[in-house]
Amino acid sequence: MIGLNTYKLTLIAVLAALAVVGRFTFQFLPNVQPVTTLIMISGFFLGPLSGILLAVLTTYLSNLFLGMGLWTVWQIVGWALIGLLSGLLGKYFRSVPLVLLVLFAVMAGYLYGLVVSLATYTVAGKFLPYYLLGLPFDTYHAVGNGVFMFMLFPLFSRIFRRYSEKLMPAKIPTSK
């Protein structure tokens, strides 16, 4: 297993900055932002730990601008879970078609919404009404994830392939 070297930490920091700027830039569209997709791509190419680290950094840093609260913890949990799943996908499946990654990104939007809704249940005690009212926003998130994955994955796969050729020969997953 490849650890977190200086180059990899720098790459994660740049991705976190990109995700924070993306989240801030798209804040006028409810739940549409590139954060989930960037976490997924990071986990897929750099491993589960990197996906989780990017989730924590992005959530904390972006919420400094957008507002902190109890939801921050659950956002971290939701995005970290997505980073972990993406990292496991990239670790065990080297070649994944883009269409499957887009579908996974769409499902990740609903998974994230479910995790955040469960957090509200622990506080308010009413899960179903909150979850059902949030489904349109989860759908915006899911569709946005699919679009961002379709647009960003080909670009980032080339970037990460170059990274892997320099530092991690024959260890990077690809897409068809």
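All figures in this text were calculated on a predicted structure; none of them were measured in a lab. Residue numbers run from 1 in the order of the sequence given.
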_Can you give me the closest heavy-atom contact between G67 and W71, atom names plus distance?_
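Result for this residue pair: O-NE1, 3.4 Å.
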*Smallest separation among heavy atoms of S42 and G51, with atom names*: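 It is OG-N, 4.1 Å.
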Please tabulate, for the side chains in residues 105-119, all donor-acceptor contacts under 3.5 angstrom to protein atoms that are two or more places apart in sequence or on a different chain.
| unit_1 | atom_1 | unit_2 | atom_2 | d |
| --- | --- | --- | --- | --- |
| Y110 | OH | T139 | OG1 | 2.9 |
| Y112 | OH | Q75 | NE2 | 3.3 |
| S117 | OG | G113 | O | 2.8 |

To the nearest 0.5 angstrom, please state how far the [atom1] atom of [X] sits from the [atom2] atom of [Y].
X: M149; Y: F44; atom1: CE; atom2: CZ; result: 8.5 Å
X: L101; Y: L152; atom1: CG; atom2: CG; result: 12.5 Å
X: I82; Y: I52; atom1: CD1; atom2: CD1; result: 12.0 Å
X: L66; Y: F24; atom1: CG; atom2: CZ; result: 6.5 Å
X: Y60; Y: L64; atom1: OH; atom2: CG; result: 5.0 Å
X: L54; Y: L46; atom1: CG; atom2: CG; result: 9.0 Å

*Is the F153 to F45 ring centre distance short of 6.0 Å?*
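Yes - the distance between ring centres of F153 and F45 falls below the 6.0 Å cut-off.
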Return yes if some donor-acceptor pair links the side-chain N/O of [X] with the main-chain N/O of [Y] below 3.5 Å, else return no.
X: T59; Y: V56; result: no
X: T58; Y: A55; result: no
X: N31; Y: F137; result: yes

Please set out all donor-acceptor pairs under 3.5 angstrom arising from side-chain atoms of residues 32-39, sequence neighbours excluded.
| unit_1 | atom_1 | unit_2 | atom_2 | d |
| --- | --- | --- | --- | --- |
| T36 | OG1 | W79 | NE1 | 2.7 |
| T36 | OG1 | H141 | NE2 | 2.7 |
| T37 | OG1 | N145 | O | 3.3 |

*For the residue pair F127 and Y131, categorise the inter-ring angle as parallel (less than 30°), tilted (30 to 60°) or perpendicular (more than 60°).*
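Parallel: the ring planes of F127 and Y131 meet at under 30°.
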*Which residues satisfy the ring pair (Phe, Tyr, Trp, His ring centres under 6.0 Å) test with F26, sequence neighbours excluded?*
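Once residues adjacent in sequence are excluded, the partners of F26 under the ring pair (Phe, Tyr, Trp, His ring centres under 6.0 Å) criterion are F148.
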*Which residues share a ring pair (Phe, Tyr, Trp, His ring centres under 6.0 Å) with F156, sequence neighbours left out*: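 For F156, no residue satisfies ring pair (Phe, Tyr, Trp, His ring centres under 6.0 Å) once neighbours in sequence are set aside.
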If two hydrophobic side chains count as joined below 4.5 Å and joins carry through other members, does [X] share a cluster with [Y]?
X: F65; Y: L61; answer: yes
X: F160; Y: M151; answer: no
X: L155; Y: M40; answer: yes
X: I41; Y: Y92; answer: yes
X: F93; Y: L98; answer: yes

*asked:* Taking transitive links into account, so neighbours of neighbours count too, which hydrophobic residues share a cluster with L133 at under 4.5 Å side-chain distance?
replied: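 None; L133 is a cluster of one.
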May I have the list of side-chain donor-acceptor pairs in residues 16-23 shorter than 3.5 Å, sequence neighbours left out?
| unit_1 | atom_1 | unit_2 | atom_2 | d |
| --- | --- | --- | --- | --- |
| R23 | NH1 | S62 | OG | 2.6 |
| R23 | NH1 | N63 | OD1 | 2.7 |
| R23 | NH2 | N63 | OD1 | 3.4 |

